[in-house]
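Below: one structure, written as structure tokens.
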Amino acid sequence: MSSAQQEIDERTNLAGSNKFELLLFKLGSSAGSDRSELFGINVFKIREIVAMPEITVVAGASPHLLGVVNLRGQVISVIDLPAIMGCQPKTGLNIMLVTEFARTTQAFAVESVEDIVRLDWGQVLSAEASTADGLVTSIARLDGNTDRSRLAQVLDVETILRTLTPSSGSDVNPETIGPKINLKPGTIVLAADDSIVARALIEQGLEAMGVHYIMTKTGQEAWDHLQSVARVAETEGKPVSDKIALVLTDLEMPEMDGFTLTRNIKQDTRFRGIPVVIHSSLTGNANEDHVRNVGADAYVAKFVAEELAATMRKVLTQL
């Protein structure tokens, strides 16, 4: 096996152990500080890293859109990430991160790339309470759970993209989402996603489908809720499937990722009969293969409400 293929397989298998790799980079100093903080993006979203090429400015574009580049025949928009995050590069915009996620390809201009680190999702804590705009989804403790650990801000690039170009996100149209989904009486959909934008879209979609739901922000929060429901069901002498019709989960989440949440559910006999649908911006054959390996019942890429509804209907009718 080639070293490149071994590296791909090794990174893909990280997801099975609640681990991931984070690309660390700097954007420059923020207002009122001379210090350049560390930021991060999941390596799975990075297609390539290149030195900043010549950019063609697009007339009338958003102030944070630097322009476009022609990269091997593909025209890609280049986003000024330091400007969005309120940072001032000390040495200029030197590196371009080409990313693929949520069915789109775009590039982010950064000052420098620092490292790739391998972390456990348990080292990552939600930052939602600390940030009003949702651009930073979580804080990674790079050196473990110690007081002296370096910290990196993990960016919610989906929210950044939707904020910059609102048309990049799919709005929910109740007229095209199809017929209402009839869940078993008394049951709900348990959903988990750490992105503010994603949660809002999912909630709109589930409401348009006519289903009751509980929304959680991490895989750990969803798992804890399942434990609580299981205890109540046990005292009532009922199966948990009488209360939870389906679990809908993202993959990238602080504390516990969607792969681990799915594996935990599928390995626990209390949750037999509860389907799990993974709903993620991480697309590609490697991720979809791993989804099958952990026992998920379906995979749907973010975010088209009609596709999510169709997938949920299909899974629920197979029970």
Side-chain angles (χ1 to χ4, degrees), residues 7-8 11 14 19-55 62-69 71 76-102 104-121 123-127 130-131 133-144 149-165 194-195 251-254 257 281-282:
E7 184 176 354
I8 292 171
R11 284 180 171 169
L14 283 176
K19 297 181 184 296
F20 73 111
E21 287 188 326
L22 191 68
L23 176 73
L24 300 177
F25 53 89
K26 290 187 176 181
L27 303 176
S29 57
S30 57
S33 173
D34 292 330
R35 179 176 172 177
S36 293
E37 303 293 348
L38 284 170
F39 294 86
I41 293 177
N42 192 322
V43 167
F44 269 128
K45 291 180 178 176
I46 305 294
R47 192 178 84 182
E48 56 187 309
I49 303 169
V50 297
M52 185 62 67
E54 182 177 347
I55 296 176
S62 163
H64 295 323
L65 183 66
L66 294 172
V68 296
V69 297
L71 190 63
I76 300 172
S77 298
V78 183
I79 297 166
D80 187 344
L81 194 52
I84 290 175
M85 300 306 298
C87 295
Q88 181 62 48
K90 298 178 180 179
T91 63
L93 298 173
N94 305 309
I95 302 294
M96 188 173 75
L97 308 179
V98 183
T99 62
E100 289 183 333
F101 57 87
T104 63
T105 301
Q106 53 283 307
F108 292 96
V110 303
E111 181 177 37
S112 64
V113 168
E114 300 297 309
D115 199 1
I116 292 177
V117 293
R118 188 165 292 182
L119 303 173
D120 188 287
W121 277 109
Q123 295 174 238
V124 184
L125 299 178
S126 174
S130 306
T131 57
D133 52 18
L135 301 183
V136 176
T137 187
S138 52
I139 303 294
R141 296 169 290 189
L142 304 179
D143 305 309
S149 177
R150 295 169 300 153
L151 302 178
Q153 302 173 62
V154 182
L155 298 183
D156 186 342
V157 284
E158 291 94 334
T159 295
I160 291 172
L161 185 61
R162 187 173 173 84
T163 300
L164 184 65
T165 55
D194 67 324
S195 167
L251 287 181
E252 298 178 279
M253 292 182 289
D257 66 9
S281 62
L282 291 179

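Quantities reported herein were computed from a predicted structural model and do not represent experimental measurements.
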Candidate pair Ile139 and Gln153, rule side-chain contact (heavy atoms from CB on, under 4.5 Å), full reasoning: CA-CA 5 Å; Ile139 303 294; Gln153 302 173 62; 3.9 Å; yes
Ala109 versus Leu66, closest heavy-atom pair with distance: CB-CD1, 3.7 Å
Main-chain N/O of Leu135 paired with Thr159 side-chain donor or acceptor, under 3.5 Å: no
Side chains of Glu252 and Val154 in contact at under 4.5 Å (non-hydrogen atoms): no
Leu38 side chain near Leu151 side chain, heavy-atom distance below 4.5 Å: no
side-chain contact (heavy atoms from CB on, under 4.5 Å) evaluation trace for Met52 with Ile95: CA-CA 5 Å; Met52 185 62 67; Ile95 302 294; over 6 Å; no
Residue pairs involving residues 135-144 (criterion salt bridge (Lys or Arg N to Asp or Glu O under 4.0 Å); sequence neighbours excluded): Asp143-Arg150
Flag, side chain of Asp115 to backbone of Val117, donor-acceptor distance under 3.5 Å: no
Side-chain donor or acceptor of Asp156 paired with backbone N/O of Val136 under 3.5 Å: no
Note, Thr105 side chain near Glu100 side chain (heavy atom, < 4.5 Å): yes
Least distance between heavy atoms, Gln106 atom then Leu161 atom: OE1-CD2, 3.4 Å
Residue pair Val68 / Ile76, side-chain heavy-atom distance below 4.5 Å: no
Reported OG1-to-CD1 distance for the pair Thr99 and Ile79, which is rounded to 0.5 angstrom: 7.0 Å
Spatial distance of atom CG (Leu22) from atom CD1 (Ile116) [nearest 0.5 Å]: 9.5 Å
Between CG on residue Leu27 and CE on residue Met85, distance to nearest 0.5 Å: 7.0 Å
Residue pairs fulfilling side-chain hydrogen bond (donor to acceptor under 3.5 Å, both in side chains) with at least one residue in residues 23-32, sequence neighbours excluded: none
Contact check, side chains of Ile49 and Leu23, non-hydrogen atoms, under 4.5 Å: yes
Working for side-chain contact (heavy atoms from CB on, under 4.5 Å), residues Ser126 and Asp194: CA-CA 8 Å; Ser126 174; Asp194 67 324; over 6 Å; no
Heavy-atom check, side chain of Lys45 versus side chain of Leu155, under 4.5 Å: no
Minimum side-chain heavy-atom gap Pro82-Leu93 below 4.5 Å: yes
Point-to-point distance, once rounded to the nearest 0.5 Å, from NZ of Lys90 to OG of Ser36: 3.5 Å
Interatomic spacing from CZ in Phe39 to CG in Leu97 - rounded to 0.5 Å: 12.5 Å
Residues Phe44, Leu251; criterion side-chain contact (heavy atoms from CB on, under 4.5 Å); working and verdict: CA-CA 11 Å; Phe44 269 128; Leu251 287 181; over 6 Å; no
Nearest atoms (heavy-atom pairs only) where Val69 meets Pro53: CG1-CG, 3.7 Å
Non-hydrogen side-chain atoms of Phe108 and Ile84 separated by less than 4.5 Å: no
Nearest-0.5 Å distance that lies between atom CE in Met253 and atom OG in Ser195: 12.0 Å
